[in-house]
*Asks:* 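Could you have a look at this structure, given as structure tokens, before my questions?
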Number of protein chains: 4
Amino acid sequence: MLETLNPIERRRQRRIKKRQREIMTAAAEVFAEKGYASTTTKEIADRADMAEGTLYNYFDGKREILLAIADETTAPMETAIQEAGSLKSRDEILAMLEKALAISEAHLPSTRTLLTEAWMDDDILQDYLATRLKRIRDQLAAYIKHHVDNGTFRPINPEIGAQMIMGMFGALVLPAIRGVFDPPTPQECHELAESMVDLLLDGIRLRQA
Amino acid sequence: MLETLNPIERRRQRRIKKRQREIMTAAAEVFAEKGYASTTTKEIADRADMAEGTLYNYFDGKREILLAIADETTAPMETAIQEAGSLKSRDEILAMLEKALAISEAHLPSTRTLLTEAWMDDDILQDYLATRLKRIRDQLAAYIKHHVDNGTFRPINPEIGAQMIMGMFGALVLPAIRGVFDPPTPQECHELAESMVDLLLDGIRLRQA
Amino acid sequence: MLETLNPIERRRQRRIKKRQREIMTAAAEVFAEKGYASTTTKEIADRADMAEGTLYNYFDGKREILLAIADETTAPMETAIQEAGSLKSRDEILAMLEKALAISEAHLPSTRTLLTEAWMDDDILQDYLATRLKRIRDQLAAYIKHHVDNGTFRPINPEIGAQMIMGMFGALVLPAIRGVFDPPTPQECHELAESMVDLLLDGIRLRQA
Amino acid sequence: MLETLNPIERRRQRRIKKRQREIMTAAAEVFAEKGYASTTTKEIADRADMAEGTLYNYFDGKREILLAIADETTAPMETAIQEAGSLKSRDEILAMLEKALAISEAHLPSTRTLLTEAWMDDDILQDYLATRLKRIRDQLAAYIKHHVDNGTFRPINPEIGAQMIMGMFGALVLPAIRGVFDPPTPQECHELAESMVDLLLDGIRLRQA
DNA sequence: AATGAATGAGATTTCATTCAT
DNA sequence: CATGAATGAAATCTCATTCAT
């Protein structure tokens, strides 16, 4: 951890990190296309344009590549959650949504890989996703509860409300991650986030003036 | 189709169907636990309490078992969609939601299998899920558009609205399918559907009287 | 352990045992020729005249084949030691020697394999050889000590004496196991054992009458 | 052979020899621990504290390192045999035994490596061990024959006698080489050699005076 | 029709050797 | 010279499928 000042060693470490990232990028692409279990190490190596054996100079095995991808993918999620802090205003929610959309789509293959494997593998779900998603849900629920107590929101169940917000978000993101829709442009991202917050706050039904 | 009324042949056909269903049930369970690609034919055979070779008397291979599961799983979805017809009132939406929740949870393993493999495999997505989901979404969008034109709904984008309804629905169903939450009791199903329609129609924010 | 009386299952168990023995015989031959580490599973399969994959229907892996050979090889050793009991007379020693020579040479390949791997691998030495050899040495030492106390043997160190008897025995057996000499005929075995006991008891030097 | 007296070249040759010896020492240690076939070039390089590639500046490959170790290990054996000349008296045999014990234990790892690989590999057995052991055995046999003809030894078969002497010697040395016993101290070596010659000449049985 | 042993293609992984730096 | 990353052939092991019983 404490970086050696030896510059040769430093360069070597950079080379290693770079190679690892190449492998992870290639692997995430193939994993995203075929799923972890159906991907062969040969395919990863071919995509990364190296020999199969070379993978093993940088990772202990196929699963370790997956875990490294999961690590790297959850890191920005983690910081985003930290930064989000408590969501207080409509604008803060909007900002968080746009940010989350942007993050997921900036790393489509690895996000898809993480989601897929978390869906299939209990360990990955627990270690990389469950606690983070729970934290987000809890924050949303707290936000709702606050406003319900406040009298600014109708008296809905905060847990269910939070879950549904996440579902609405998922409905926007998942098709892009899955590759059904093309990923939205930043402009579209903004509109989508607006629509969602709008729908969320005021519902679909016209207010009888 | 019913070529022979020969009762011996009929009994034979019944036996075959029964055997196939046993295999599909067993396979769906194991697929749901480990994913299609990571499931071995031996595991399927063990779960179905028969020899590996027997599988091949009833299916052409592992993939054909998966396709049969997909077929069987989408059939009730299909009829549900047909029956739903046009959704006109709050109660019709409510009924459809409850029914959909009930169906998914009545066949958890095969539903999970279908979703997982549709997420991973373009062919399955296309052949078994995409058109059906699209039809539901279109119906929802038409419903929204109708009421917007009507003046009973606020002027929201029907496509996005439909997508979000589906997301809210997914947020209720997916955790149960994934096995994160225990599946809701019928009573809870009802409450969830109520909450969802409620939130959907009137939003989260208190109406200023 | 409690044999089922189901005769079909019994036949199946016999088939399995038979196949396992075929594999172990083939493996012991190749191990004896090239050593465990340099032997490939393909060579074992070829020698056993079956496909590589078939090995894995009967053993969990290459090392398990080795351990099974070690088990089977040490079993007759074990019973021979039990039966030997305490060695009291010249004739009993003679008998034990002849028996030991016969046993080692009846299973040359597996004996060679066991010795080789015990020489290389601490686990195998401990689990399969060390305690057995120690028991033999202790019996020999006790025999010597008895006669020394008796006054029939000269006052030599029983431990060292025992060790040397084993060395003499080894000098007779090892070359045959290694394949340097042809294995001795039963007739030769008898003569060798005689010579050895003779040399052992009375030494090489002529007694001055 | 000494083509150049050029001192720069001489220094270079010394450096090369030194490097080779470092590699051989490291390799002999690892070979002794895991056997030649299970040792990787990386392990040798690590033990020698150099890069894998460096090995190939000094040896043509892994096997050549083994052969060099065998060469170096048999050299002192060879000179010891030369010097031993004909064994005539009890004291000469004693001296040879002590010397042989000392030599084997001074180079435990390479001795163990040589023995192990000679046991496994016919080429090494022939090229490095068989002829030397045969020479020792022949000398011992000639010694015995001489004394038998002389009337000082009992009329035993010289070949078998020689073989057994070697066995007794093996029984003393091999456990130390294998690492089962700690190697004996020089003091213990002396006692062992005494015991052995003693036992050898006069046998185990008390002479009836 | 049911069985499960046999198969062999293909997956993951290891490692002696090469070679650019 | 020294290095150690890259290589790819070969090793171990897996598993969908076939087929004799």
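Heavy-atom basis, side chains included; hydrogens, waters and symmetry copies ignored. Predicted model only: the values in this text are computed from it and were never measured. Every chain is numbered from 1, with letters handed out A, B, ... down the list of sequences.
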*Asks:* Tell me which residues in residues 21-50 of chain D lie within less than 4.0 Å of DNA chain F, going by non-hydrogen atoms.
*Replies:*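 Of all residues in residues 21-50 of chain D, the ones placing a heavy atom under 4.0 Å from DNA chain F are Met50(D).
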*Asks:* Please report the interatomic distance CG(Leu67(B)) to CD(Glu72(B)), rounded to the nearest 0.5 Å.
*Replies:* 13.0 Å
*Asks:* For Arg15(C), check salt bridge (charged side-chain N to carboxylate O under 4.0 Å, His left out) against everything at least two apart and list the hits.
*Replies:*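 Not a single residue meets the salt bridge (charged side-chain N to carboxylate O under 4.0 Å, His left out) criterion with Arg15(C).
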*Asks:* Quick check on DNA chain E: between Ala51(B) and Glu64(A), whose nearest nucleotide comes earlier from the 5' end?
*Replies:*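 This one resolves to Ala51(B).
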*Asks:* Mind checking Arg63(B) for me? I need base, sugar-phosphate or nothing, with any heavy atom below 4.0 Å counting as a touch.
*Replies:*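 It contacts nothing in the nucleic acid.
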*Asks:* Quick one: closest heavy-atom pair of Thr113(C) and Ala28(C), and the distance?
*Replies:*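 In terms of heavy atoms, the two residues are closest at OG1-O, 3.3 Å.
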*Asks:* Here's a test of your reading of the structure: between Glu52(D) and Gly53(B), which maps to the more 5' nucleotide of DNA chain E?
*Replies:*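 Its nearest nucleotide being more 5', the pick is Gly53(B).
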*Asks:* Look only at the side chain of Ser38(D) and the backbone of Gly35(D), and say whether a donor-acceptor pair between them is shorter than 3.5 Å.
*Replies:* no
*Asks:* Which pairs count as side-chain hydrogen bond (donor to acceptor under 3.5 Å, both in side chains) when at least one residue sits in residues 47-61 of chain C, sequence neighbours excluded?
*Replies:*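 Sorted result for residues 47-61 of chain C: Glu29(C)-Arg47(C), Glu33(C)-Arg47(C), Thr41(C)-Glu52(C).
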*Asks:* Return the value, rounded to whole Å, for the distance between atom NZ of Lys62(C) and atom C1' of dT14(E).
*Replies:*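 Atom NZ in Lys62(C) sits about 12 Å away from atom C1' in dT14(E).
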*Asks:* Report the residues that fulfil salt bridge (charged side-chain N to carboxylate O under 4.0 Å, His left out) with Glu64(C), sequence neighbours left out, ordered by chain and then residue number.
*Replies:*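 For Glu64(C), no residue satisfies salt bridge (charged side-chain N to carboxylate O under 4.0 Å, His left out) once neighbours in sequence are set aside.
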*Asks:* DNA chain F: Leu55(A) or Asn57(D), which has the more 5' nearest nucleotide?
*Replies:* Asn57(D)
*Asks:* Tell me: CD of Gln20(B) to P of dA2(E), nearest whole Å?
*Replies:*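 Gln20(B) atom CD is separated from dA2(E) atom P by 11 Å.
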*Asks:* Is the count of non-hydrogen atoms from other residues, nucleotides or ligands lying under 6.0 Å from Arg63(B) atom CZ greater than 12?
*Replies:* yes
*Asks:* To the nearest angstrom, how far is Phe59(B) atom CZ from dA2(E) atom P?
*Replies:*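 Between P of dA2(E) and CZ of Phe59(B): 13 Å.
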*Asks:* Assign Arg15(D) to base, sugar-phosphate, or nothing according to its heavy-atom contacts below 4.0 angstrom with the strands shown.
*Replies:* sugar-phosphate
*Asks:* Using only atom types and a distance under 3.5 Å, with no angle test, would you say the side chain of Lys62(C) pairs donor to acceptor with the backbone of Thr39(C)?
*Replies:* yes
*Asks:* What are the bounds, 5' to 3', of the part of DNA chain F that sits under 4.0 Å from heavy atoms of chain A?
*Replies:*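 For DNA chain F, the relevant span reads dA5(F) to dG8(F).
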*Asks:* Arg14(C) vs Lys17(C), test: side chain to side chain contact (heavy atoms under 4.5 Å, CB included). Steps then yes/no.
*Replies:* CA-CA 5 Å; Arg14(C) 273 206 307 280; Lys17(C) 278 265 173 285; 5.7 Å; no
*Asks:* Just checking Arg19(D): base, sugar-phosphate only, or nothing, at a heavy-atom cut-off of under 4.0 Å?
*Replies:*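 Sugar-phosphate, no base atom in range.
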*Asks:* Please report the shortest heavy-atom distance between Ala27(A) and Ile44(A), naming the atom on each side.
*Replies:*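 Closest heavy-atom pair between Ala27(A) and Ile44(A): CB-CG2, 3.8 Å.
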*Asks:* Are any side-chain N or O atoms of Lys18(A) and backbone N or O atoms of Gln13(A), one a donor and one an acceptor, separated by less than 3.5 Å?
*Replies:*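 Not a single qualifying donor-acceptor pair exists.
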*Asks:* Could you spell out the base pairing of DNA chain F as a dot-bracket line? Use Watson-Crick and G-U wobble contacts where both distances are under 3.5 Å, [ ] for crossing pairs, | for partners on a different strand.
*Replies:* .||||||||||||||||||||
